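Bear in mind that the values here come from a model prediction, so they are computed numbers and not experimental data. Chain A is the first sequence line, chain B the second, and so forth, proteins listed ahead of strands; every chain is numbered from 1.
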Amino acid sequence: MGTEALLSVEQLTVTVPHPFEPGERRTVVDRVDLQVRTGEALGLVGESGSGKSMTARSVMRLLAPGVRAEGCVMLGGRNILEMDAETLRRTRAERMAMIYQDPRAHINPVRTVGDFLTEGMRVTGVSRSEATARAVKLLDDVQVSDAQGRMNQYPHELSGGLLQRVVIAAALSQDPELILADEPTTALDVTTQAEVMAILDDLRRERGLSLLFITHDLELAAATCDRTGVMYAGRIVEIQESAALQQSPTHPYTSGLMMARPDIEIIQPELTVIPGTSVSAYEAMEGCAFASRCAFASDICLSRRPEMARVGNAEVACHHARELLGTLPNKIEEIPHA
Amino acid sequence: MPELIKVEHLRRVFTGHGKRPDIVAVSDISFTVNSGDALAIVGESGSGKTTVARMLLGLEQPSSGTITVKGAVRSPRQPSAAERRKRAKEIQIVFQDPYSSLDPRQTVGAAIEDALRLGGTTEKAQLKPRTIELLESVGLRRDRLSARPRALSGGQRQRVAIARALAAEPEVLVLDEAVAALDVSTQAQILNLLNDVRRRTGVAFIFITHDLAVVNQVCTTCLVMRQGELVEFGETREVLGNPSSAYTRQLRDAVPRAGWRPHRRAEA
């Protein structure tokens, strides 16, 4: 893994037009900083409304009309947010690829798998036979059996897991440096999820690709990414090496998320819940966005927004991180069966 | 414990049209639910778990096999309106998506009152206090009575759906992926609520889910299905702790956790 950041997001803020009050804007991503090094996988975890998908979309500058992204998204030294249309188009085509949650929504149902895979190559001037050969090779790489036969099949003939592998093959077809995966396995069954993640993991390592992996599943992110960041209300609250994060969460929200998940081995009399509901960036109060749900909140949390700082192994945005270091629970204590 | 539901050799075939072959959605499933049980029906997509739930509710008729509820065998015919009302006191359901299972134009109070009236509470004087009682029993404040679903969060809507289902005082509550669409922090609140409701009212659960961690937290017994067939049925602790079938083990090993690495299954 290189030490150079391939992708560097600096002070990214995304606002959308207010749905009811013309002229007003709502913040959905609030001053996000993150880096993805060459060959590194970074997981970004959050609940709905945390801004994780918007962050990924801003990296590709795939934003709906009216949505405004400010700050810097540097890919290999160039700011994506300031590129002209032609440079942006080429950067998107050649340097990065996105994989979405629902493969069926992102593949043309009336074109064959072969058409889908070769389209991009044909546009860049690759001959039909060469493109077909490469597509078959790609299908082999993502472990689709009978690659030749699949080329003539239509999306409806393939299961969700197979189709997501076809989408991964398409994402790899232009030899990108960065893959953005937005909940790529959320619609899949667990055994299929394990399979698709294993394939993505292998290919990424073999090819030295960088990955930004968006998910709501902290355990999945931590198990498959080198580092994991946690988002809340449009902000990153904590980011550290995945193994360290699982061992010692440093932000109360991270710890809360870990504790709220039921466990497959241990039964708890009562799950530890985070009180209240999660908020979006525009609903957050002054100070720390998590303060209203946090057991450790004090006056300063309500009045001043915590900045990201290094505490222990983590980058964390919490006024009390230093005193809480090493004390936040990461998993349920085993309770003997009654 | 008294036997509430007995399912024997349940089978459901969807007839193919034209060149399409018949689809056996459920094939030879048998199990029992005793009062106070929490049964998980676990499986991946296409396993037939939802079809089983729909047959229990009478939304789908079995091709063969029997469903016995409190000693009475369910007729294989489409139920009449009166029969359906009677069944409402036996089994209620909470669906996955709280955004679509509530009427957007109906207030929370009206939704629960409707269920109460259909359940036989006809005296006006009783309706309001009972509605408030139900609402508070699922952890919602009484000032939510006049709220419409749009004003509620996903977790709050699912609480309303649970309150509405409990209004009929059913003996069995079917939860069809009822926490799957919720965020982790909200999901924990609803799981605690469900455990609490079961302890308090003694209602039995049939929990349709793909999430084994949820099964472990909420369910006493567990039935694993694959492609319409029963793979394993037993105490949750046994099924998850010491699965007798390779498929259950595969499902269990695919759940991400600390130290987990994604792996491919052997060619199925």
### Message
Quick check on B/Gln106: does its CD atom have over 12 non-hydrogen neighbours (other residues, nucleotides or ligands) under 6.0 Å away?
### Response
yes

#### Entry: Heavy atoms from other residues, nucleotides or ligands near CZ of B/Arg142 exceed 12 (cutoff 6.0 Å)
no

### Query
If you take all heavy atoms of A/Ala194 and B/Trp260, which pair is closest and at what distance?
CB-CZ2, 3.9 Å

### Query
Which distance, rounded to the nearest 0.5 Å, do you find between the CG of B/Leu240 and the CD of A/Glu265?
9.5 Å

### Query
Closest heavy-atom contact between B/Asp183 and A/Glu47?
CB-OE2, 3.1 Å

### Task
With the side chain counted from C-beta on, respond yes when A/Gln193 and B/Pro256 share a heavy-atom pair under 4.5 Å apart, and no when they do not.
yes

### Query
So which part of B/Gln187 gets closer than 4.5 Å to some heavy atom of chain A, the side chain, the backbone, both or neither?
side chain

#### Entry: Side-chain ion pair, A/Asp201 and B/Arg261, N-O less than 4.0 Å
yes

### Message
More than 12 heavy atoms of other residues, nucleotides or ligands under 6.0 Å from CD of B/Glu235: yes or no?
### Response
no

### Task
Applying salt bridge (Lys or Arg N to Asp or Glu O under 4.0 Å), name anything that partners B/Arg150, two or more places apart in sequence or on another chain.
none

### Task
Check each atom of A/Thr277 against the heavy atoms of chain B and say whether the ones under 4.5 Å are side chain, backbone, both or neither.
side chain

### Query
For B/Ser153, is it the side chain, the backbone, both, or neither that has a heavy atom closer than 4.5 Å to a heavy atom of chain A?
side chain

### Query
Picking from A/Leu188, A/Val196, A/Leu220, which has the most non-hydrogen pairs under 4.5 angstrom with chain B?
A/Leu220

## Note on the structure
The interface call for A/Leu200 against chain B, heavy-atom contacts under 4.5 Å, is neither

### Query
Is A/Gln148 atom CD crowded by more than 12 heavy atoms from other residues, nucleotides or ligands, each under 6.0 Å away?
no

#### Entry: Minimum heavy-atom distance between A/Ile274 and B/Ser185, given as atom pair plus value
CD1-CB, 3.9 Å

### Query
Between CG of A/Asp189 and OG of B/Ser47, what distance do you get to the nearest 0.5 Å?
8.0 Å

### Query
Side chain of B/Gln250, backbone of A/Thr191: donor and acceptor closer than 3.5 Å?
no

### Top contributor to chain A interface from B/Pro262, B/Ala254, B/Gly43 [non-hydrogen pairs under 4.5 Å]
B/Pro262

## Note on the structure
Heavy atoms of B/Arg257 and A/Gln246 approach each other most closely as C-NE2, 4.3 Å

### Over all atoms of both residues, closest heavy-atom pair of A/Arg261 and B/Val214
NH1-CG2, 4.3 Å

#### Entry: Student check: side-chain heavy atoms of A/Asp263 and B/Gln217 closer than 4.5 Å
no

### Message
With a 6.0 Å cut-off (strictly less than), is the heavy-atom count around CZ of B/Arg200, excluding the residue itself, greater than 12?
### Response
yes

### Message
For a quick test of reading the model, state the closest non-hydrogen atom pair linking A/Ile264 to B/Leu212 and the distance between them.
### Response
CD1-CB, 3.7 Å

#### Entry: Proximity breakdown for B/Asp211 and chain A, heavy-atom pairs closer than 4.5 Å
side chain

### Task
Output all residues satisfying ring-ring contact (aromatic ring centres under 6.0 Å, His included) with A/Tyr253, sequence neighbours left out; order by chain, then residue number.
A/Tyr232, A/Phe290

#### Entry: Among A/Gly49, A/Gly276, A/Ser242, A/Gly256, residue most engaged with chain B (heavy-atom pairs, under 4.5 Å)
A/Gly276

